[in-house]
Amino acid sequence: MKNFLKRLGLFKEAGKRKQRAKPYFKFVSKETNNKKAGMGISIRSLVKEDVSPLKGSELAFIKQEIKKGNKELTRLLGIKSKDFDNHIKIRVSLDTAKALVSRCASYTDVTSLVTLILNHADFPVNEFIMHENLAPEIFRDLAILFRTVNKSTSFWLIARAKMLRPDGPVISELFESTTEEYIATLNVGIGVITYNRKDHLAKTVEAIKAFTTGDYQLVVADDGSKDDTVEWCKQNNVPHTYCANKGVVRNKNRALYYLNEVKKVDVLILLEDDCRPNKENWQKEWVIAALLWGHINYAHKRIIKKEDAVVSGTGSSTLPYLCRLVTGQCTACSKDAMDNIGYLDPRFSGYGAGHVEWTERFIRQGYNGSTEKHWVYPAINTGLNSDDAPTFKNPEQLEKNRALKKKISKDAHKREPWVNTDEENEFLEEIESIKDQ
C-alpha cells in the first residue's frame with residue numbers, strides 16, 4: 001500500500017494528515033467487534049457505554065481551535081473555559097456531530113475533528129459516517145487510522161470513501177483489504193431452502209462448500225420433501241430440518257430463525273436451492289451489501305435485461321441496482337436490520353408475495369430502496385448463477401397471498417415467525433430438530 005501511494009504521489013499528503021490526527025487517534029476506543037463465530041454483533045453494541053474523558057492532546061486541539069477563534073466548538077461540546085483544568089468527560093450526540101462538521105471553520109483540521117467525534121460518539125458511528133459528504137481522502141485517511149484498533153469503524157469509513165469515489169485506485173485497494181479483514185471477524189450464516197429438489201440442493205451445497213472462504217454457519221431448511229433430500233443431508237453431515245410441508249414463507253423463516261437466534265450470526269444469506277455460488281469468495285460482496293444497506297436481493301439476469309427494470313446503480317455492493325422487480329432466490333440482511341424488521345409474515349401461506357412484503361418492510365424502515373411513485377428494490381448480481389428450476393405454486397393460493405399483501409401493505413411493525421402460541425411451540429420444535437443433530 002505504501003509503495004502504491006508513493007507511485008500516485010499521495011503518500012506524502014496522506015502521511016501529513018495521519019501525523020496531524022495521530023495524537024488524538026491513540027485514544028480511539030479499543031476494538032469491540034473483533035470476535036469470532038457465535039458472538040453476534042449488533043450495531044448498537046459498538047457504542048461505548050462509558051463516558052470518555054478528554055485527553056491532553058484532545059484538549060490541546062480544542063484550545064488551538066479556540067485560539068483561532070472557533071468558539072462554536074466548545075459551545076457544541078458543552079465545555080466552558082473554566083473546565084479546562086478539570087477531568088472533562090464528554091459524549092457527542094449524532095446531532096452535535098453533524099453540527100460540529102457542518103459549522104467547522106475553514107482552518108479546522110477535519111480529520112482531527114472527526115477522530116474526536118468518533119472517539120466520543122454516543123451513537124452507532126455508521127449513522128454519522130454514511131450521511132456525511134466529506135472529501136473521500138478524509139474518509140480514506142481515517143480508515144487507515146482506525147484500521148488497527150476498530151475494524152468496524154474502519155470498514156464504514158473506507159466504504160463511504162468507496163461510495164464517493166468508486167474508481168479511485170488507492171481507495172479501491174484499501175477497500176478490498178479492509179473489508180477482507182473485517183469480514184474475517186464476523187459470524188456469517190448461509191441458509192438454503194428446498195422442497196423435493198434434492199439434485200438442485202446437492203449442487204448448491206457443494207458449490208457453497210467449494211466457493212465460500214473462511215468460517216460460516218450452514219443450514220438446510222427442508223419443507224417436508226418426499227424425495228431423498230433428508231437422507232442426502234444426513235449422509236453429507238449438513239444441518240437440516242425435516243418438517244411437515246408449510247410453504248416457502250415458513251421454510252425461509254426456519255432458516256432465518258436458526259441462523260439469527262441459535263447461531264447468532266452477524267449477516268444472514270438465504271439461498272433458494274436453484275441459486276448457487278459460481279466464484280471463489282462469492283459471499284464477500286453479499287456480506288458487504290448486507291452490512292451497508294441492511295437488506296439486499298439477487299438481481300437476476302432476467303430482471304437486469306428487462307427494459308426499464310433497473311432505475312439506477314451498478315450492481316456492486318457499494319452501489320447496488322435499484323430495480324422495479326424483485327426475486328427471492330437470494331437475499332441477505334444484517335443482524336441489526338433483521339432485529340428491527342423481523343421475519344417474513346407467517347400469515348402468508350405457500351408461494352407468492354411473502355418475500356416482496358418482507359423486502360418492502362425493510363424499505364419502509366429506511367433500509368435502501370424507495371417507495372416514491374413506485375417501489376424500487378436494492379439488488380446485486382455478483383457471484384451467483386440460477387438454474388431457475390420449476391416452482392411449486394398454486395394459482396388460488398397466490399391470489400390469496402396477493403390480497404393479504406395489499407391488506408397489510410402499510411403495516412411496518414416487526415414480525416415474529418408465528419401468529420399465536422400454538423404455532424410458536426410448533427415452530428420452535430422444528431428448530432430443536434436441527435439443534436439435536
Side-chain angles (χ1 to χ4, degrees), residues 1-22 24-25 28 31 33-34 46 97 101 104 109-115 117-118 124-186 213 267 279 281-294 296 312-322 334 368 378 380-383:
M1 172 61 74
K2 185 184 290 185
N3 292 334
F4 191 48
L5 286 165
K6 283 181 176 178
R7 290 200 302 272
L8 294 174
L10 295 172
F11 180 70
K12 188 174 181 180
E13 177 191 348
K16 287 179 179 178
R17 282 200 186 96
K18 186 173 180 179
Q19 287 303 315
R20 286 197 300 269
K22 199 169 183 180
Y24 319 107
F25 169 71
V28 170
E31 184 177 0
N33 64 330
N34 192 12
L46 301 179
V101 173
C104 74
D109 177 23
V110 178
T111 304
S112 296
L113 175 63
V114 175
T115 302
I117 290 170
L118 297 177
V125 295
N126 65 299
E127 294 179 7
F128 169 76
I129 294 167
M130 292 290 280
H131 295 93
E132 288 296 326
N133 288 313
L134 304 173
E137 292 84 1
I138 291 175
F139 286 116
R140 177 201 67 199
D141 294 347
L142 286 165
I144 294 170
L145 289 171
F146 277 85
R147 189 171 183 177
T148 58
V149 289
N150 195 309
K151 296 187 188 302
S152 174
T153 299
S154 183
F155 163 76
W156 288 103
L157 288 163
I158 196 59
R160 186 63 178 141
K162 177 73 172 172
M163 291 175 194
L164 295 171
R165 186 167 293 166
D167 299 320
V170 177
I171 288 172
S172 295
E173 182 175 297
L174 187 60
F175 175 76
E176 290 301 315
S177 58
T178 301
T179 53
E180 285 281 1
E181 289 177 5
Y182 180 48
I183 290 173
T185 72
L186 301 179
T213 58
V267 173
K279 72 174 186 179
N281 206 19
W282 68 280
Q283 82 285 358
K284 179 180 177 180
E285 284 289 291
W286 285 89
V287 171
I288 293 170
L291 291 169
L292 294 179
W293 309 112
I296 198 79
S312 64
T314 63
S316 68
S317 59
T318 52
L319 190 61
Y321 293 123
L322 290 180
S334 67
N368 208 11
I380 62 175
N381 67 340
T382 181

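Computed from a prediction, not measured in an experiment: that's the story for all the values here.
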Kindly give the heavy-atom pair with the smallest separation between [X] and [Y], and that separation in Å.
{"X": "C104", "Y": "L113", "result": "CB-CD2, 3.8 Å"}
{"X": "P320", "Y": "W293", "result": "CD-NE1, 3.4 Å"}
{"X": "S334", "Y": "A290", "result": "CB-O, 3.6 Å"}
{"X": "E132", "Y": "F139", "result": "O-CZ, 3.6 Å"}

Are [X] and [Y] close enough that some pair of their side-chain heavy atoms sits under 4.5 Å apart?
{"X": "I117", "Y": "V101", "result": "yes"}
{"X": "P166", "Y": "L319", "result": "no"}
{"X": "N150", "Y": "L118", "result": "no"}
{"X": "I183", "Y": "I288", "result": "yes"}
{"X": "M163", "Y": "L292", "result": "yes"}
{"X": "K279", "Y": "T382", "result": "yes"}
{"X": "V114", "Y": "F128", "result": "yes"}
{"X": "N368", "Y": "L322", "result": "yes"}

Can you measure from [atom1] ([X]) to [atom2] ([Y]) and round to the nearest 0.5 angstrom?
{"X": "H131", "Y": "N126", "atom1": "NE2", "atom2": "CG", "answer": "9.0 Å"}
{"X": "T314", "Y": "N381", "atom1": "OG1", "atom2": "CG", "answer": "9.0 Å"}
{"X": "I380", "Y": "W286", "atom1": "CD1", "atom2": "CH2", "answer": "4.5 Å"}
{"X": "L164", "Y": "I138", "atom1": "CG", "atom2": "CD1", "answer": "10.5 Å"}
{"X": "T178", "Y": "K151", "atom1": "OG1", "atom2": "NZ", "answer": "8.5 Å"}
{"X": "W156", "Y": "F146", "atom1": "CH2", "atom2": "CZ", "answer": "15.0 Å"}

For a quick check under 3.5 Å, do S317 and K284 share a side-chain donor-acceptor pair by atom type?
no
Check each of T153, I158, L142, L174 against R147 using the side chain to side chain contact (heavy atoms under 4.5 Å, CB included) test, and report the only one that passes.
L174
Step by step, would you call E137 with V170 a side chain to side chain contact (heavy atoms under 4.5 Å, CB included)?
CA-CA 10 Å; E137 292 84 1; V170 177; over 6 Å; no
Ignoring hydrogens and geometry, is there a side-chain-to-backbone donor-acceptor pair from E285 to S316 under 3.5 Å?
no
Applying side chain to side chain contact (heavy atoms under 4.5 Å, CB included), run through R160 and T318 and close with a yes or a no.
CA-CA 8 Å; R160 186 63 178 141; T318 52; over 6 Å; no
